[in-house]
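Here is the structure we will look at.
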Number of protein chains: 2
Amino acid sequence: MSGATSPDLAARLRSAGLRPTRQRVALARALFEREHHHVTAESLHAEAKAARNPVSLATVYNTLNQFRDAGLLREVVVAPGRSYFDTNTGHHHHFYVETDGELHDFPSDKVTIEGLPVPPKGTKLSRVDVIVRVRR
Amino acid sequence: MSGATSPDLAARLRSAGLRPTRQRVALARALFEREHHHVTAESLHAEAKAARNPVSLATVYNTLNQFRDAGLLREVVVAPGRSYFDTNTGHHHHFYVETDGELHDFPSDKVTIEGLPVPPKGTKLSRVDVIVRVRR
DNA sequence: CAAGCAGTTTAGAACAATTCTAAAACTGCA
DNA sequence: TGCAGTTTTAGAATTGTTCTAAACTGCTTG
């Protein structure tokens with residue numbers, strides 16, 4: 001097995017202004033070296049432990065916030081006290097299955113939103129979130 | 001001063017299956033006898049106290065949840081740990097000013113969303129939330 | 001209108017998610 | 001290799017919300 005730290009990841013962290021520490025690289029691997037997915041702080045913490053790369057929960061929180069601030073992750077709030085981090089930072093929207101807390105992406109290329117009002121004076125657009133809520 | 005309980009409100013609560021107790025009527029007044037607005041549990045609790053109708057915080061939470069379940073209120077989650085209740089239950093969307101936590105409605109009549117994918121098998125649409133995030 | 005019971009309210013404890021703190025451990029550079 | 005500044009960590013603290021058990025109230029019935 002390749003125990004080598006992916007140089008890409010280290011570089012990516014560095015260029016985001018983050019030192020590629022053991023913990024950050026471990027979390028970055030769990031996050032970015034696979035398909036796009038959604039994590040919570042708890043789930044990522046558990047995943048890191050399972051991969052024999054234990055990271056304290058506080059560090060998981062710090063790291064998720066840093067990655068989000070650096071634009072590496074996108075935070076999606078679907079319900080009170082339920083915050084997901086999405087490794088897909090491109091344009092897309094979400095399905096949220098209310099009955100079991102699942103979150104799924106769907107691409108935004110087919111979706112067009114028209115007639116949105118202009119942002120209030122003195123503000124600039126940050127982004128538009130569309131959450132399609134469904135239940136079983 | 002008119003100490004009379006608005007009969008409309010009492011009836012509205014009753015038909016939602018809720019006994020029109022002093023506390024629920026007091027909160028319903030604060031919520032529904034004025035223009036549409038957004039409250040948090042804390043803000044409503046403070047408002048009730050200021051109106052000399054103190055209600056315990058637990059009751060405020062219970063009541064907000066009951067009103068939401070009864071369709072009298074709509075819950076809007078904009079940020080982790082920040083849940084608003086909106087007295088406007090009609091079709092509309094939201095502006096969220098991230099930099100200062102303000103939430104504003106905007107009507108959905110001008111807004112059209114096209115190309116949304118069909119809900120996953122076995123699920124039915126609950127609603128579509130559009131949150132336009134802006135910053136100062 | 002008194003009694004009784006289910007539904008409500010309440011203070012405070014409990015809980016869950018997240019952030020803070022202060023100390024120990026690292027990282028990167030000289 | 002030494003050192004200054006970062007980062008990590010365990011655990012405490014904070015925040016927002018729900019739970020608990022006891023007191024109370026609104027409604028119905030006799």
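Convention: sequence-line order gives letters A, B, ...; per-chain numbering from 1.
Rounded to whole angstrom, the span from the CG atom of B:L13 across to the C1' atom of C:dT9 amounts to 15 Å. Regarding A:H45, its NE2 atom lies at a distance of 9 Å from the P atom of D:dT9, rounded to whole Å. Rounded to whole angstrom, the span from the CD atom of A:Q66 across to the P atom of D:dT7 amounts to 7 Å. Protein atom CG of B:L44 is 15 Å distant from nucleotide atom C1' of D:dG16, rounded to whole Å.
Remark: B:A51 engages no residue in a side-chain contact (heavy atoms from CB on, under 4.5 Å) (not counting sequence neighbours). Applying the salt bridge (charged side-chain N to carboxylate O under 4.0 Å, His left out) test to A:R127 and every residue at least two apart in sequence or in another chain returns A:D129. The side-chain contact (heavy atoms from CB on, under 4.5 Å) search around A:D109 returns A:P107, not counting sequence neighbours. For A:A58, the side-chain contact (heavy atoms from CB on, under 4.5 Å) criterion is met by A:S56, not counting sequence neighbours. In this structure, A:R52 has no salt bridge (charged side-chain N to carboxylate O under 4.0 Å, His left out) partners at least two apart in sequence or on a different chain. With sequence neighbours excluded, the residues that form a side-chain contact (heavy atoms from CB on, under 4.5 Å) with B:N88 are B:H36, B:D86, B:H92, B:D105.
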What donor-acceptor contacts under 3.5 angstrom involve side-chain atoms of residues 111-126 of chain B, with partners at least two apart or in another chain?
residue	atom	partner	partner atom	Å
B:T123	OG1	B:P120	O	2.6
B:S126	OG	A:E98	OE1	3.2

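At a threshold of 4.0 Å, the pair A:E47-A:R34 counts as salt-bridged, since one of the basic side-chain nitrogens sits closer than that to a carboxylate oxygen.
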Inset, instruction - Scan nucleotides 25-30 of chain C nucleotide by nucleotide, 5' to 3', and note B when protein non-hydrogen atoms come under 4.0 Å of the base, S if they reach only the sugar-phosphate, - if neither. - result: --BS--

Legend entry - Footprint string (nucleotides 12-23 of chain C, 5' to 3'): B base within contact, S backbone only, - free, heavy atoms under 4.0 Å: -----SBBB---

